Amino acid sequence: MSSTHIYSVYDEELKYLTRRISEMGGIAEQMVADSVRALVNADLALAQKVISEDAILDDAERQINEKAIVTIAKRQPMAADLREIMGSIRIAADLERVGDLGKNNAKRVIAISGSGIPRQLARGLEHLAELALMQLKDVLDVYASRSPEKANTIRERDGEIDAIYTSLFRELLTYMMEDPRNITPCTHLLFCAKNIERIGDHATNIAETIYYMATGAQILGERPKEDNTASLGAASE
Amino acid sequence: MNMMSEAAVEKALDQKMNTAPYKMTGKDVSVYYGEKRALFDVNLNVRENTVTALIGPSGCGKSTFLRCLNRMNDTIDSCRVTGKIVLDEGDIYDPSIDVVELRARVGMVFQKPNPFPKSIYENVTYGPKIHGLARTKAEFDQIVEHSLQKAGLWNEVKDRLHESGTGLSGGQQQRLCIARAVAVSPEVILMDEPCSALDPIATAKVEELIHELRANYTIVIVTHSMQQAARVSQRTAMFHLGNLVEENDTDKMFTNPDDQRTQDYIMGRFG
């Protein structure tokens, strides 16, 4: 933002949105990291903390939307300002969803806590979560810097997450076929893996929104897609 | 399905908008008030059946340019216009041009409603009478009804056509002025901040009217309201310090303008 508005209050309204989005991003990041840690260590207390934190994100999204609507009504924003406000609404929605997915993972910790997770699977899940978290962290940095080039890089990296998710999917199927007692924990883990993969998608959404906010143009071209699980079956193993 | 076809219709309209022939073209237009230069080599074309909005801060030259389009600047002694302005094929600053006839083809609506202190009926028939567009009472009656219909005022005044035009509300007066402009069947209508003295309801009526008039007329409007320019126009031209800095599709102009000065102006920032 090169210059300031004639109405200084308008600047403050826009700054409020930016600040709240950054806050939401920080909380969402922490929730996802905690949920995976709780899963791997079967830490019920930590899972409970994640579940209770989701309400903070829900509130923040509501407040951001209300502020955005009031600002649109009052200021009738144009051009970059309009894109900024519309972008805030969309990013807040994405971050709220990230929080939901973290919370869902935390709930599953309770369900799987009795049976324990094979070490190797936990590794795979941790790796997937690391990548998704890196995407989330990077996209929040890009939100602060508004660099369209970096937004594009993040979008291109999403294929990696999809590929790991697909291999984890295969692995879980194998465990289930080996021993039917694995089916319950593995099904939960499958949902956890899917949730983490979705978090990567939301990071990509945010990257696309930032690109639009910065340039006024939509990112061109298909997203990289490596999630092939839709066509995988037990028979293909 | 419905969505698709509506989108298709919109697209067809937009395409027509971008291919409509130029009704008026301005080439290297400069204007001087005495020693002071108010416009610098402006090249701006106006497409037929399109609403073109001229925006920019006060003193940027947008009204000056508008007034060049029907030679209203001729009334100012110290004013000198250079460059070329063409209506259809003809240069409007050609010495052989009859200015009165030009202003019948290129009508004007001003910022403040200025009906003549005459009846509503006479306000509308004044122009046609001067230009000899009608002779019989039936012909005049028809022009009055048609023009007031076009201006969206007929239903409100049809029972009091012989009351004074100045007794109407501000919004009605402005629509009467539009009816007066329409009465001489102009090809182009110039509007200089037509809504700045009107309340939001009257403004909405005038804007709705501009939208409808576009089908039959070419409209150029000067406005200080960004929202109004965004609502009523298809093309927008941004003036700054006597220069035309950007001319673009209105949708593009208000979401993602090319020029930094446009950006700062429409977003209300310090440049």
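Order of the sequence lines fixes the chain letters, A, B, ..., with proteins taken first and strands second; residue numbering starts at 1 for each chain. This structure is a prediction, so every number in the text was calculated from the model and none was measured.
- Closest heavy-atom contact between A/R83 and B/N256: NH1-OD1, 3.4 Å.
- When the shell of 6.0 Å around OH of A/Y7 is examined, it contains 12 or fewer heavy atoms from other residues, nucleotides or ligands.
- From A/D81, atom CG reaches atom CD1 of B/I266 across 8.5 Å, with rounding to the nearest 0.5 Å.
- Within a 6.0 Å sphere centred on NZ of A/K194, other residues, nucleotides and ligands contribute more than 12 heavy atoms.
- More than 12 heavy-atom neighbours from other residues, nucleotides or ligands sit within 6.0 angstrom of NZ on B/K252.
- Pairing each heavy atom of A/A80 with each of B/M267, the nearest pair is N-SD, 3.3 Å.
- Listed by sequence position, the residues of residues 237-245 of chain B in contact with chain A number zero, using a 4.5 angstrom heavy-atom cutoff.
- From B/R269, atom CZ reaches atom CD1 of A/I6 across 10.5 Å, with rounding to the nearest 0.5 Å.
- A 4.5 Å side-chain heavy-atom check between A/M78 and B/Q227 finds at least one atom pair inside the cut-off.
- The number of heavy-atom neighbours closer than 6.0 Å to CZ of A/F191, taken from other residues, nucleotides and ligands shown, is 12 or below.
- Other residues, nucleotides and ligands contribute over 12 non-hydrogen atoms within 6.0 Å of the CZ atom of A/R20.
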